[in-house]
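Chain A is the first sequence line, chain B the second, and so forth, proteins listed ahead of strands; every chain is numbered from 1.
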Amino acid sequence: MRQVAIIGIGQTIIGERWDRSLRDIAGEAVFSTLYDAQRERAEALFVGNMMSGTINNQNNLGAYLADWIGMWGDEAYKIEAACASGAAAFRSGLMAVASGEIDSAIVVGVEKMTDQQPHDVTAALATAADADWEVEQGVSFVGLNALIMRRYMHEYGWKHTDFAPFSINAHANAVYNPFARLQNTITLEVYQKAPMVADPINLMDASPIGDGAAAVFIVPLDQAPLDGRSVVVAGSAAATDTISVHSRKDPLVLAAAQASVKQAYAQAGTGPEEIDVFELHDAFSIMAVLSLEACGFAERGQGPRLGLDNQIHPKGRLPICTRGGLKARGHPVGATGLYQIVEIVQQLRGECGETQVENVRTGMAQNIGGSGATILTHIFKAV
Amino acid sequence: MEIARHWRLKKQRYGLVGEVCPHCEAKIFPPRDICPSCGQEARDLYQFSGRGEVYSYTTIYQAPSGFDETAPYTVALVKLDEGPIITAQLTDLEDDKVEIGMPVEMVTRKLRTDGDERGLLVYGYKFRPFQNIPQKNEALPH
């Protein structure tokens with residue numbers, strides 16, 4: 001297999017883009033990417049998206065977007081893996097280029113969520129869970145995470161406020177990200193007084209949805225310009241766990257994160273001590289905690305400690321959510337995996353301004369689909 | 001409306017019928033073709049007792065469409081006495097404060113309406129605080 005590099009990135013601001021359609025925002029991200037890569041076209045297009053068929057009445061997104069962005073006639077597909085659709089699309093494009101089958105690909109993640117009523121979006125998000133045995137009981141996606149968080153707090157004795165540093169850090173970093181949905185800081189008091197969504201998860205534990213798209217341009221490493229802006233994919237792995245939370249051997253362990261990160265570390269010849277920046281999947285604060293534990297940054301049950309000990313900000317031992325994370329940058333579900341990858345590229349290029357991590361050599365992104373059922377881990381290094 | 005789907009799941013929804021693995025004797029709910037404990041084929045039906053305890057719980061304030069009319073409601077992970085954990089609503093709580101470890105038992109309740117006012121009423125299992133009342137075996141309507 002060939003080594004693959006990212007040579008161009010693009011992203012849109014996340015928000016309620018009522019004036020723009022799904023293809024408009026996907027196009028925005030792709031055209032920025034082409035400009036950034038100094039290319040006019042790729043051989044194939046991979047689209048990460050979860051819900052276009054459910055809430056936008058549009059499938060066949062490969063052809064739909066290839067048509068829109070002027071890749072007439074080119075190979076194009078949508079890849080769906082719930083909230084991990086973005087990273088799954090990236091890995092699909094990566095495998096196509098790495099195999100030698102094609103020499104260039106654009107991967108775009110896009111989600112257009114705010115055209116629909118909130119309860120319909122809630123129902124559409126719940127399709128990531130088991131329709132017969134979870135959703136039919138009336139549990140929402142937030143509810144599943146709340147069930148995990150309650151049990152976690154019970155077993156390890158953490159208080160709700162012990163999770164606050166994750167949300168506070170994410171918001172503090174998003175202030176400096178012009179693409180973030182929520183570019184405001186929050187205080188501990190705001191976190192504590194936020195309205196309850198599904199206890200113990202309140203509004204400040206939960207990431208906001210939004211419309212957004214992010215994209216990358218990938219080529220074989222030996223065709224990438226050596227201008228200090230190319231980034232090599234050093235590790236890429238995916239794993240699955242049971243679709244239902246209740247079927248897990250241990251609902252408090254992200255087994256698919258453990259499996260995919262182990263493989264990605266091995267491929268990259270690295271380990272948790274060498275990761276300089278980590279964009280993790282903080283759809284809910286409990287997911288940030290479980291991800292840190294699964295990836296070897298904290299002992300089991302000790303994830304909140306990293307936040308409380310002030311280690312997760314851009315100058316800390318393990319910077320996370322440096323552009324706002326899902327919590328403040330926003331979570332346009334099928335696009336999120338691509339936003340994470342774009343943000344790691346920005347860190348490796350040194351383009352992150354106030355939240356730039358110093359001396360970044362290795363960055364990691366982890367994208368979670370469902371309540372832990374599909375998890376992809378990618379590791380990137382500067383060329 | 002998904003009439004066939006609701007019909008297909010009636011044994012599980014109304015009767016909590018799962019499986020027991022003929023190879024390793026693990027109790028399985030909901031039923032599946034491959035035993036999650038030993039990886040071999042598992043298709044022998046098994047009647048669960050319907051008793052268990054609360055493993056975790058939450059209250060849903062923002063319900064998915066179809067469940068709006070009953071929100072807020074409590075959903076739990078219930079650890080059945082026979083081993084498996086299942087997702088189910090808690091009901092008949094009245095003044096009971098829900099706690100992890102609380103003993104509960106299965107009852108049959110309306111889950112939601114599938115479709116409009118002329119749609120299907122979907123019934124299924126929920127769990128209430130354990131009451132220790134002997135139940136006679138009532139026949140379910142077909």
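- Residue B:A71: no heavy atom, backbone or side chain, is found under 4.5 Å from chain A.
- Heavy atoms closer than 4.5 Å to chain A are found in both the backbone and the side chain of B:L77.
- Pairing each heavy atom of B:R32 with each of A:S247, the nearest pair is NH2-OG, 3.9 Å.
- Shown are A:I148, A:V197, A:L147; of these, the side-chain contact (heavy atoms from CB on, under 4.5 Å) with B:T58 is made only by A:L147.
- Contact detail for B:R5 and A:D132: the closest heavy-atom pair is NE-OD1, 2.6 Å.
- Pairs engaging residues 93-130 of chain B under the ring pair (Phe, Tyr, Trp, His ring centres under 6.0 Å) rule: B:F29-B:Y125 [sequence neighbours left out].
- The two atoms that bring B:Y55 and A:P251 nearest to each other are OH-CD, 3.6 Å, heavy atoms only.
- From B:I60, atom CD1 reaches atom CD of A:Q137 across 11.5 Å, with rounding to the nearest 0.5 Å.
- Minimum interatomic distance between B:S65 and A:A123 (heavy atoms only, all atoms of both residues): OG-CB, 3.2 Å.
- A:R151 and B:S56 get closest at one heavy-atom pair: N-OG, 3.4 Å.
- Under the 3.5 Å distance criterion, the side-chain polar atoms of B:Y73 are matched with a main-chain donor or acceptor of A:G138.
- Shortest non-hydrogen contact noted between A:H246 and B:P30 is NE2-CD, 4.1 Å.
- Your options are B:I28, B:L9, B:V75, B:T59, and the one with the most heavy-atom pairs under 4.5 Å with chain A is B:T59.
- Proximity to chain A is limited to the backbone of B:A63, based on heavy atoms less than 4.5 angstrom apart.
- B:F67 touches chain A through its side chain: at least one heavy atom from C-beta onward sits under 4.5 Å away, while N, CA, C and O do not.
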